[in-house]
Amino acid sequence: MATTNQVIMTMFVSLIFLMHTASVASSDLRPGFYSKTCPEAEFIVRNVMKKALIREPRSVASVMRFQFHDCFVNGCDASMLLDDTPTMLGEKLALSNINSLRSFEVIDEVKEAVEKVCPGIVSCADIIIMASRDAVALTGGPNWNVRLGRLDSLTAIQEDSNSIMPSPRANASALINLFQNYNLSVKDLVALSGSHSIGKGRCFSIMFRLYNQSGTGKPDPAIDPDYRKQLNKLCPIDVDQNVTGNLDATPLLFDNQYFKDLVAGRGFLNSDETLFTFHQTRKFVEFYSGDQSEFFEAFVEGMLKLGDLQSGRPGEVRKNCRVVNVRPAFASSDS
């Protein structure tokens, strides 16, 4: 039977762990957070992202989206990376993520490379932030100093992801309301939507636009007719809806072509094109379509603000981004 001293010691170790994680979770994020504890961290992340870009260009765009799908749901804590367990439904199968988010293996590769050099130091949440930045920089977009020092969550909440993340069918008004909940402005919304400058989207996300917009049985009138013909060919009514199409005309290059396409009625997603047809967002779309440097500046500002979202909950630095660390178990009272 476990002694009283053993039980007390185990409880003390667990209490110290929780006190530590709570205090770190409340600390300020800052550039160079790992400058002393893991000075090679950012170099390692970028090196793995370079390899991923060469192996499969689409993968870096997929990884960039992780920052959005992670940070909007209870802060930037890598909760979306957790696999399901017998007692927890993870966020990977949430409505906005299932069959959509991909390239989790790239984060696994980054984590493995970092752990070899600096075991137990760099959080998966910070890896998402660094990798998202690198996805942009490596495809021709801006580079910036990221603020680091996040902890990884101890759980995931699929229900929260379902209720928070917007649908591809969302209109600009709904998107504005969502962003305002996180103190992100209309300008931030439009600039961050420019993340769709790279990558692909599924036919599933646009079938209603092509064949039954707003229940009319007709296509979205905002789609340029020639572009609609292209989409009809890509996504016929009986298509495998996991077939993908380019989100803009230069899907491997991070630039302002996305906004030029919206002005021309060639936005792939409803949630993209609505930014041009809605009065509050249209002026920003037009502005960024004509000035790439202004778009880049606004995008960086928005990514930094998005990356600052935190839940304030206790956390840890996971050894494996897919599972929480093993906890010290209370000593058994069995003899």
Side-chain angles (χ1 to χ4, degrees), residues 28-31 60-78 80 96 101 125-150 164-166 168 170-199 247-248 253-263 267 269 271-276 278 280-311:
D28 293 334
L29 305 176
R30 65 180 187 275
V60 298
S62 301
V63 170
M64 179 185 60
R65 313 236 191 282
F66 289 177
Q67 177 166 338
F68 293 82
H69 289 250
D70 184 38
C71 294
F72 272 125
V73 182
N74 300 318
C76 311
D77 60 4
M80 56 150 289
S96 61
L101 290 188
D126 278 344
I127 286 174
I128 289 176
I129 298 297
M130 289 184 276
S132 296
R133 182 269 314 274
D134 293 344
V136 174
L138 290 171
T139 53
N143 191 28
W144 64 94
N145 290 324
V146 289
R147 295 191 277 261
L148 304 172
R150 297 164 190 79
I164 293 171
M165 293 305 297
N171 59 30
S173 180
L175 293 171
I176 288 172
N177 291 335
L178 169 66
F179 274 61
Q180 285 180 340
N181 289 337
Y182 298 96
N183 294 318
L184 293 168
S185 67
V186 174
K187 176 184 176 182
D188 295 325
L189 162 62
V190 179
L192 289 173
S193 295
S195 64
H196 288 169
S197 172
I198 55 176
L247 289 173
D248 81 352
L253 183 65
F254 194 95
D255 56 12
N256 69 335
Q257 182 64 45
Y258 165 83
F259 296 104
K260 295 177 181 179
D261 286 351
L262 298 189
V263 172
L269 300 175
S271 55
D272 289 333
E273 192 60 49
T274 186
L275 298 177
F276 181 68
F278 194 68
Q280 282 185 262
T281 49
R282 181 175 185 140
K283 63 181 180 180
F284 291 109
V285 172
E286 293 177 326
F287 183 42
Y288 297 144
S289 71
D291 196 325
Q292 181 167 280
S293 62
E294 288 289 343
F295 160 49
F296 282 2
E297 182 178 333
F299 183 81
V300 170
E301 180 182 347
M303 289 292 274
L304 287 170
K305 291 169 69 173
L306 180 63
D308 284 345
L309 298 177
Q310 295 188 85
S311 69

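For clarity, every value in this text was computed on a predicted model and none was experimentally measured.
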Go through the steps to decide whether Ile164 and Tyr182 satisfy the test side-chain contact (heavy atoms from CB on, under 4.5 Å), and finish with yes or no.
CA-CA 11 Å; Ile164 293 171; Tyr182 298 96; 3.3 Å; yes
side-chain contact (heavy atoms from CB on, under 4.5 Å), that's the test. Do Asp77 and Asp70 meet it? Break it down for me.
CA-CA 7 Å; Asp77 60 4; Asp70 184 38; 3.3 Å; yes
The test is side-chain contact (heavy atoms from CB on, under 4.5 Å); show your working for Phe259 and Glu286 and say whether it passes.
CA-CA 7 Å; Phe259 296 104; Glu286 293 177 326; over 6 Å; no
Can you check ring-ring contact (aromatic ring centres under 6.0 Å, His included) on Phe299 and Phe254, steps first, answer last?
CA-CA 11 Å; Phe299 183 81; Phe254 194 95; 5.0 Å; yes
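Checking side-chain atoms of Ser197 against main-chain N and O of Asp255 turns up a donor-acceptor pair under 3.5 Å.
Atom CD in Gln67 sits 9.0 Å away from atom CG in Leu309 (nearest 0.5 Å). A distance of 4.0 Å separates CD in Gln310 from CG in Leu29, rounded to the nearest 0.5 Å.
Every side chain to side chain donor-acceptor pair (under 3.5 Å) that Lys305 has, sequence neighbours left out, goes to Asp188. Not counting sequence neighbours, Phe284 has no partner by the ring pair (Phe, Tyr, Trp, His ring centres under 6.0 Å) test. Residues satisfying the side chain to side chain contact (heavy atoms under 4.5 Å, CB included) criterion with Ala135, sequence neighbours excluded, are Met49, Val60, Met64.
Close placement of the Phe72 and Phe179 rings is indicated, their centers lying within 6.0 Å of each other.
Between His196 and Tyr258, the angle of the ring planes goes over 60°, which puts this pair in the perpendicular group of the 30/60° scheme.
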